[in-house]
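Chain identifiers are assigned alphabetically (A, B, ...) following the order of the sequence lines, protein sequences preceding nucleic acid strands; residue numbering begins at 1 within each chain.
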Number of protein chains: 2
Amino acid sequence: MISGKFAITLHILTLLSKYPEEYLSSDFLASSMNINPVLVRKEMANLKKHDIIESREGKYGGSKLAKAPEHISLDDIFKITFETVTLGYCKKEPNPKCPVGNKINDNLDKLYCDINTDISNKLCKITLQEFTQEF
Amino acid sequence: MISGKFAITLHILTLLSKYPEEYLSSDFLASSMNINPVLVRKEMANLKKHDIIESREGKYGGSKLAKAPEHISLDDIFKITFETVTLGYCKKEPNPKCPVGNKINDNLDKLYCDINTDISNKLCKITLQEFTQEF
DNA sequence: AAATTTGTAATCAAATTTATTACAGAACAT
DNA sequence: ATGTTCTGTAATAAATTTGATTACAAATTT
């Protein structure tokens with residue numbers, strides 16, 4: 001199972017980018033996703049840590065983008081919400097006495113690393129603004 | 001959590017491709033991965049269904065490649081062991097009354113579909129033989 | 001001061017994956 | 001033919017991960 005962090009974060013940012021002047025509350029954002037506001041606030045914390053949004057506590061608080069959606073790429077979001085894309089590993093440590101077992105994870109690492117580079121290259125070229133325009 | 005099917009299957013095939021003449025048992029294969037033989041047999045069943053290996057029951061049974069490793073691509077393996085690569089979805093159905101909630105999954109689908117095409121294109125070009133040579 | 005919202009911790013529930021047990025049936029060797 | 005070994009497969013249990021929920025302190029505005 002893959003966590004929904006990327007999707008939730010992108011959903012948040014899409015909404016913030018639709019209403020760039022307003023502070024939107026975690027409750028409002030959560031109701032668009034139909035999830036618990038606490039999950040939204042957790043992703044807000046992450047976004048804030050990386051200076052992508054700013055937030056305000058207290059009455060009429062909420063969050064808004066800290067920079068223009070033209071200057072936020074999907075790769076920025078990918079990097080802060082996703083470890084790396086993999087096609088999986090065998091959970092157990094393989095047998096080091098077997099030449100294949102001994103090297104399989106290194107070789108998978110290389111493959112997955114290449115895949116991640118490609119994905120990053122693709123996501124780099126898509127800005128939040130472009131993504132948001134499709135709504 | 002991502003399942004280890006792709007990794008286990010590739011590990012199996014790498015071993016079979018190292019010993020192309022022999023029928024290797026699920027017990028032998030499992031001991032290289034340090035996992036339960038039943039898991040290996042499950043992937044063997046899948047590989048057999050797609051005519052990538054052949055297997056023999058009974059004493060001295062096991063499995064061997066059904067075609068040359070030059071004619072098996074990592075994309076073949078990917079397609080039979082992995083649904084699609086995604087960066088995740090929000091688990092709950094989003095709010096259809098929100099223009100973003102209403103379209104977010106379609107737009108994520110498009111993005112992920114593109115990513116999968118890229119990955120397939122990359123994996124198509126790598127044969128099992130090439131992968132196996134790195135051991 | 002009251003109301004509302006973030007920030008965060010702690011705990012629960014649900015879903016998924018992996019491990020294990022069990023055993024029938026097949027194939028081979030002697 | 002009989003014992004041995006291996007696949008094939010189902011059923012279940014254990015482990016892990018993710019998401020949901022509850023709770024409440026601290027902050028900010030009116």
What verdict does the salt bridge (Lys or Arg N to Asp or Glu O under 4.0 Å) test give for A/D114 and A/K110, after you've listed the backbone C-alpha separation in whole Å, the side-chain angles of each residue and the deciding distance to 0.1 Å? CA-CA 6 Å; A/D114 284 354; A/K110 276 184 215 153; over 6 Å; no
Of the candidate nucleotides D/dT16, D/dT29, C/dG7, which contains the atom at the shortest distance from the side chain of A/M44? C/dG7
B/Y23 OH to D/dC6 C1', in whole Å, measures 13 Å
Nucleotide nearest A/A45 (side chain, heavy atoms from C-beta), chosen from C/dT8, D/dT29, D/dT16: C/dT8
Atom pair distance, as rounded to whole Å: CG in B/L47 and C1' in D/dG8: 15 Å
Identify, between B/S26 and A/K59, the residue whose nearest nucleotide on DNA chain D lies closer to the 5' end. B/S26
Once you apply a heavy-atom cut-off of 4.0 Å, does B/K49 come out as touching a base, just sugar-phosphate, or nothing? nothing
For A/E83 and D/dT17, what is the distance between atoms CD and P respectively, to the nearest whole Å? 11 Å
Should C/dC28 form a Watson-Crick or G-U wobble pair with both distances under 3.5 Å, which nucleotide is its partner? D/dG3
NZ of A/K92 versus P of D/dT16: gap in Å, rounded? 10 Å
Answer yes if the side chains of A/T9 and A/T81 hold a donor-acceptor pair under 3.5 Å, and no otherwise. no
Relative to the ring of A/F6, is the ring of B/Y112 parallel (under 30°), tilted (30 to 60°) or perpendicular (over 60°)? tilted
Earlier contact from the 5' end, DNA chain C, for A/E57 and B/N36: A/E57
5' priority, DNA chain D, between A/K5 and B/V38 [closest heavy atom]: B/V38
Where the side chain of A/S31 meets the backbone of A/F28, is there a donor-acceptor pair that is under 3.5 Å apart? yes
